Amino acid sequence: MSLFYYAESLLYWGYSIRIGEIVLPQVVLKLTSQDMDKMKTYYQKYLKTAPSGSVFAAKTPSCSITAYKSGKVLFQGRTPNDEADKWGTAEQTAASKIKKSSTSKHQYIPPESLFISSHIGSDEAGTGDYFGPVTVAAAFITADQIPLLKDLGVKDSKHLTDEKIRSIAQELVKQKIPYSLVVLHNEKYNQLQSKGWSQGKMKTMLHHHAITKLSQKISPIQPDGILIDQFSEPNVYIKHLATEKEQLQSNVYFMTKAESHSIAVAAGSIIARASFVKEMEKLSEKLGTELPKGASQKVDKAAATIIGKHGKQALNECAKTHFANTKKAEALI
């Protein structure tokens, strides 16, 4: 039996994805619906199947154009300004404008072009919380979908409320974004920890399994890269894989605060967090006690309540028992 619980179902999407495409400059215009209607007529003979959430899509000899319901129009090609300038003042969104990360120097730093290309992003939730499982989600986002996901509010989940996270996660499912979600429940977490696994190794294997599962789903499509929100040095991550006879996938990059730069990592972050929140609610209902997030004194008191009602062994099924909160809770009884 697998160590981890795969919580998602296979998702399909109804439009083509470019494979092995060179990442090209992008320009975005904000236009009225009337202007977009004019554009659609103008590019009538170049129209192609439009992605979900868009008004139309066209492919001219020199540029790909996608118009979204939000009013944003994406021009992508070697010289996107040539087409964009026909319709208004362009907002340049080439990779050169993206801020660099504070990631320490190593050979796995992603190229800035990755953030505007079709790629997989992976992030986790629940690792710093005493109660609840660890969840990891990997999501595959195409270049065409980036403007739409930004309009949906996809960004670092740390800046979103749980309610907003739920809402956006539901929208990601509606948009049929391919993803893989892996949940490490507390009982298995504590079992692995007692065997000498560090949380870092657990996270490594969770990310590895989520990415592997997602790569199988989207096959034969090959993403332009895979970006993991960095929680350890890449060489440590690779050593953890080796201990379980696994190898790093190709085109994998690591970056701290990746969810602030990559829409794919941000999507993974939201899916992982939404799953964590759902699991916390299920545990709270089962135990008859609201389980607070984090590792504060409020958490200590909740743990003490659980011990009083169900016995210390109940913590094994709802908490990361090696955290200092366990001893603090016992001291409160």
Side-chain angles (χ1 to χ4, degrees), residues 13-101 110-121 139-156 168 171-172 175-177 221 223-225 227 258-267:
W13 56 105
Y15 53 93
S16 62
I17 298 174
R18 298 186 294 274
I19 302 174
E21 181 182 35
I22 297 173
V23 177
L24 300 174
Q26 298 182 26
V27 170
V28 175
L29 295 182
K30 181 72 173 179
L31 300 176
T32 64
S33 57
Q34 291 82 2
D35 286 335
M36 285 196 288
D37 288 340
K38 292 178 182 178
M39 288 182 69
K40 187 174 182 179
T41 301
Y42 182 85
Y43 293 112
Q44 188 67 40
K45 67 178 181 178
Y46 298 113
L47 293 179
K48 63 176 186 177
T49 302
S52 176
S54 66
V55 177
F56 74 87
K59 173 69 175 176
T60 72
S62 62
C63 186
S64 292
I65 305 162
T66 308
Y68 293 91
K69 294 177 181 178
S70 64
K72 290 184 179 180
V73 182
L74 170 68
F75 298 80
Q76 185 178 40
R78 297 191 181 280
T79 55
N81 295 80
D82 291 348
E83 289 296 329
D85 288 347
K86 296 177 181 178
W87 305 98
T89 302
E91 173 191 347
Q92 187 66 40
T93 59
S96 60
K97 282 204 164 188
I98 302 175
K99 291 183 179 180
K100 292 184 179 291
S101 166
E112 292 181 345
S113 59
L114 183 68
F115 308 131
I116 56 173
S117 69
S118 302
H119 65 289
I120 288 174
F140 176 58
I141 306 300
T142 67
D144 287 343
Q145 293 171 315
I146 293 175
L148 172 62
L149 266 61
K150 287 184 177 179
D151 283 345
L152 290 177
V154 176
K155 60 181 179 180
D156 181 1
I168 296 176
E171 285 297 324
L172 292 175
Q175 295 300 324
K176 299 184 179 180
I177 300 300
I221 296 165
D224 295 322
L227 182 58
E259 66 276 14
S260 298
H261 300 265
S262 161
I263 200 77
V265 175

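Computed from a prediction, not measured in an experiment: that's the story for all the values here.
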Checklist entry - Under the 3.5 angstrom rule, does the side chain of Ser64 hit a backbone N or O of Lys59 as a donor-acceptor pair? => result no
Checklist entry - What residues, two or more places apart in sequence or in another chain, satisfy side chain to side chain contact (heavy atoms under 4.5 Å, CB included) together with Ser33? => result none
Next on the checklist: In the structure I gave you, are the side-chain heavy atoms of Leu149 and Leu172 within less than 4.5 Å of one another anywhere?
Outcome noted: yes
Item to check | Pro147 versus Ala143, closest heavy-atom pair with distance | outcome: CD-O, 3.8 Å
Item to check | Atom pair CD (Glu171) and CG (Leu152), whose distance is rounded to the nearest 0.5 Å | outcome: 5.5 Å
Item to check | Side-chain heavy atoms of Ile116 within contact of Gln76, under 4.5 Å | outcome: no
Item to check | By side-chain hydrogen bond (donor to acceptor under 3.5 Å, both in side chains) - contacts of Asp35 (at least two apart) | outcome: Thr32
Next on the checklist: Pro223: which residues meet the side chain to side chain contact (heavy atoms under 4.5 Å, CB included) condition with it, sequence neighbours left out?
Outcome noted: Ile120, Phe140, Ile218, Ile226
Checklist entry - With a 4.5 Å limit on heavy-atom distance, are the side chains of Thr66 and Pro51 in contact? => result yes
Item to check | Distance-minimising heavy-atom pair for Ile141 and Ala264 | outcome: CG1-CA, 3.6 Å
Checklist entry - Could you state the interatomic distance from CE (Met36) to CG (Leu29), rounded to the nearest 0.5 Å? => result 11.0 Å
Next on the checklist: So, taking the atom named CG in Leu31 and the one named CE in Met39, what distance separates them when rounded to the nearest 0.5 Å?
Outcome noted: 6.0 Å
Checklist outcome for this item: Separation between CZ (Phe115) and CD1 (Ile146), nearest 0.5 Å, reads 10.5 Å
Item to check | side-chain hydrogen bond (donor to acceptor under 3.5 Å, both in side chains) involving Glu259 - partner list, sequence neighbours excluded | outcome: Lys158
Next on the checklist: Using 0.5 Å steps for rounding, measure from the SG atom of Cys63 to the OH atom of Tyr43.
Outcome noted: 7.0 Å
Checklist outcome for this item: In short, salt bridge (Lys or Arg N to Asp or Glu O under 4.0 Å) pairs touching residues 145-155 with sequence neighbours left out are Lys72-Asp151
Next on the checklist: Under the criterion side chain to side chain contact (heavy atoms under 4.5 Å, CB included), I'd like the reasoning laid out for Leu227 against His261: C-alpha separation, chi angles, the key distance, then a yes or no.
Outcome noted: CA-CA 10 Å; Leu227 182 58; His261 300 265; 5.9 Å; no
Checklist outcome for this item: Those residues at least two apart in sequence (or on a different chain) that pass side chain to side chain contact (heavy atoms under 4.5 Å, CB included) with Tyr42 are Lys86, Trp87
